[in-house]
Amino acid sequence: MAGRPYILAETNWKTVRDTRYDVAILPWGATEAHNYHLPYGTDVIETEAVAAESARRAWDGGARVVALPCIPFGVNTGQLDIPFCMNMNPSTQAAVLGDVAAVLDTHGVGKLVILNGHGGNDFRMMIRELQPKVRVFLCTINWYACLDPKPFFNEPGDHAGELETSLVQHLTPNLVLPLTEAGSGHARRFTVAGLRDGWAWAPRRWTKVSDDTGTGNPAASTPEKGARYFDAVTERIGGFLAELAAADPEHLYA
Ligand SMILES: [Zn+2]
């Protein structure tokens with residue numbers, strides 16, 4: 001039995017040779033502590049699943065899209081004192097992204113979507129620098145910000161909170177500890193008003209912010225909430241992929 005044709009790691013040269021792909025999706029996660037109850041691979045699990053299901057929806061609608069393997073390491077410079085938070089610096093990410101884009105450019109793939117699942121990653125400046133050097137159209141989505149999560153959750157939370165916990169309960173329930181094992185996810189706020197209110201910005205020192213590495217209360221999480229949210233997110237991103245696949249990068253403005 002053949003793998004899914006829109007997942008590169010599962011497909012084969014026979015399929016790839018005969019398919020003209022319009023869009024490649026590069027899922028990009030992180031490997032880091034997620035409170036006491038979620039796995040280190042949470043961002044990878046979530047982002048791979050969002051990429052796969054969004055690609056399936058677009059593929060089933062006729063768009064030729066393919067999800068590349070997920071890059072598992074994110075920017076974790078604020079978590080260096082937490083064991084096995086596997087930091088990859090932004091400059092390294094830019095080099096990796098440049099190589100991926102160069103490969104796609106050589107093979108004539110017209111568009112690349114970087115599907116980001118980790119708050120410490122930010123591909124916008126990298127895209128600004130890289131875009132003039134390749135013919136591939138580059139864009140990025142933070143899947144966790146593609147729609148308002150408030151209708152789906154009491155308190156979505158930021159890291160290992162209700163949103164992420166519900167999603168992993170839905171996607172890989174065998175990897176989630178009982179919520180009685182989870183910390184409260186209480187996050188201390190900046191004492192300086194501008195930083196606290198968000199109009200000034202500095203990266204957070206995670207061990208000063210949280211005692212359990214979580215920022216967001218997971219108590220009200222359920223797999224049903226995760227399923228509903230996953231459905232809405234992948235519907236939206238699948239629609240985007242289909243629209244992008246059909247779009248002409250030379251005529252994106254009206
Ligand atoms: Zn996460």
Side-chain angles (χ1 to χ4, degrees), residues 25-54 69-90 93 114-123 140-150 152-177 179 181-188 203-223 225-230 232-234 237:
I25 306 143
L26 180 63
W28 206 310
T31 301
E32 56 172 347
H34 272 80
N35 200 322
Y36 299 122
H37 63 292
L38 292 183
Y40 266 64
T42 289
D43 291 1
V44 173
I45 291 164
E46 294 166 337
T47 308
E48 272 188 329
V50 170
E53 176 60 10
S54 303
C70 186
I71 310 277
F73 301 134
V75 178
N76 277 106
T77 48
Q79 289 97 336
L80 294 175
D81 47 354
I82 303 171
F84 288 100
C85 285
M86 301 301 295
N87 177 53
M88 181 184 272
N89 282 322
Q93 291 187 321
I114 303 152
L115 184 68
N116 177 43
H118 170 64
N121 295 340
D122 188 346
F123 296 101
T140 185
I141 298 170
N142 294 330
W143 60 255
Y144 50 83
C146 78
L147 50 77
D148 180 7
K150 288 191 204 85
F152 298 87
F153 305 100
N154 302 4
E155 250 184 273
D158 171 35
H159 180 72
E162 188 181 327
L163 184 159
E164 280 205 298
T165 301
S166 298
L167 197 49
V168 182
Q169 284 176 328
H170 166 58
L171 296 171
T172 53
N174 54 320
L175 299 181
V176 185
L177 293 179
L179 292 179
E181 304 279 331
S184 68
H186 174 70
R188 293 179 201 93
R204 289 174 290 178
R205 266 290 300 281
W206 221 255
T207 47
K208 305 255 186 212
V209 170
S210 167
D211 293 329
D212 50 36
T213 79
T215 56
N217 184 0
S221 306
T222 69
K225 289 180 184 176
R228 279 195 296 277
Y229 177 68
F230 182 71
V233 165
T234 56
I237 296 177

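We count ligands from 1, going down the list as the structure has it; atoms in each ligand are counted the same way. What you see below is based on every heavy atom in this structure, not just the backbone, and it leaves out hydrogens, waters and symmetry mates. Along the sequence shown, residues are numbered consecutively beginning with 1.
- As for Glu164, its N/O/S atom nearest the Zn ion (ligand 1) is the one called OE2.
- Checked by atom type and distance alone, the side chain of Trp206 never pairs as donor or acceptor with a backbone atom of Asp211 at under 3.5 Å.
- Among Asp43, Asp212, Thr165, Thr213, the single residue meeting the side chain to side chain donor-acceptor pair (under 3.5 Å) criterion with His34 is Asp43.
- Here the N, O or S atom of Asp43 that is nearest to the Zn ion (ligand 1) is OD1.
- Looking at residues two or more places apart in sequence or on another chain, you find a ring pair (Phe, Tyr, Trp, His ring centres under 6.0 Å) between Phe153 and Tyr229.
- Partners of Val75 under the side-chain contact (heavy atoms from CB on, under 4.5 Å) rule, at least two apart in sequence or in another chain, are Thr77, Asn87, Pro90, Gln93, Asn121.
- For residue Glu46, no N/O/S atom approaches the Zn ion (ligand 1) to within less than 2.8 Å.
- Residue side and main chain included, His34 places an N/O/S atom under 2.8 Å of the Zn ion (ligand 1).
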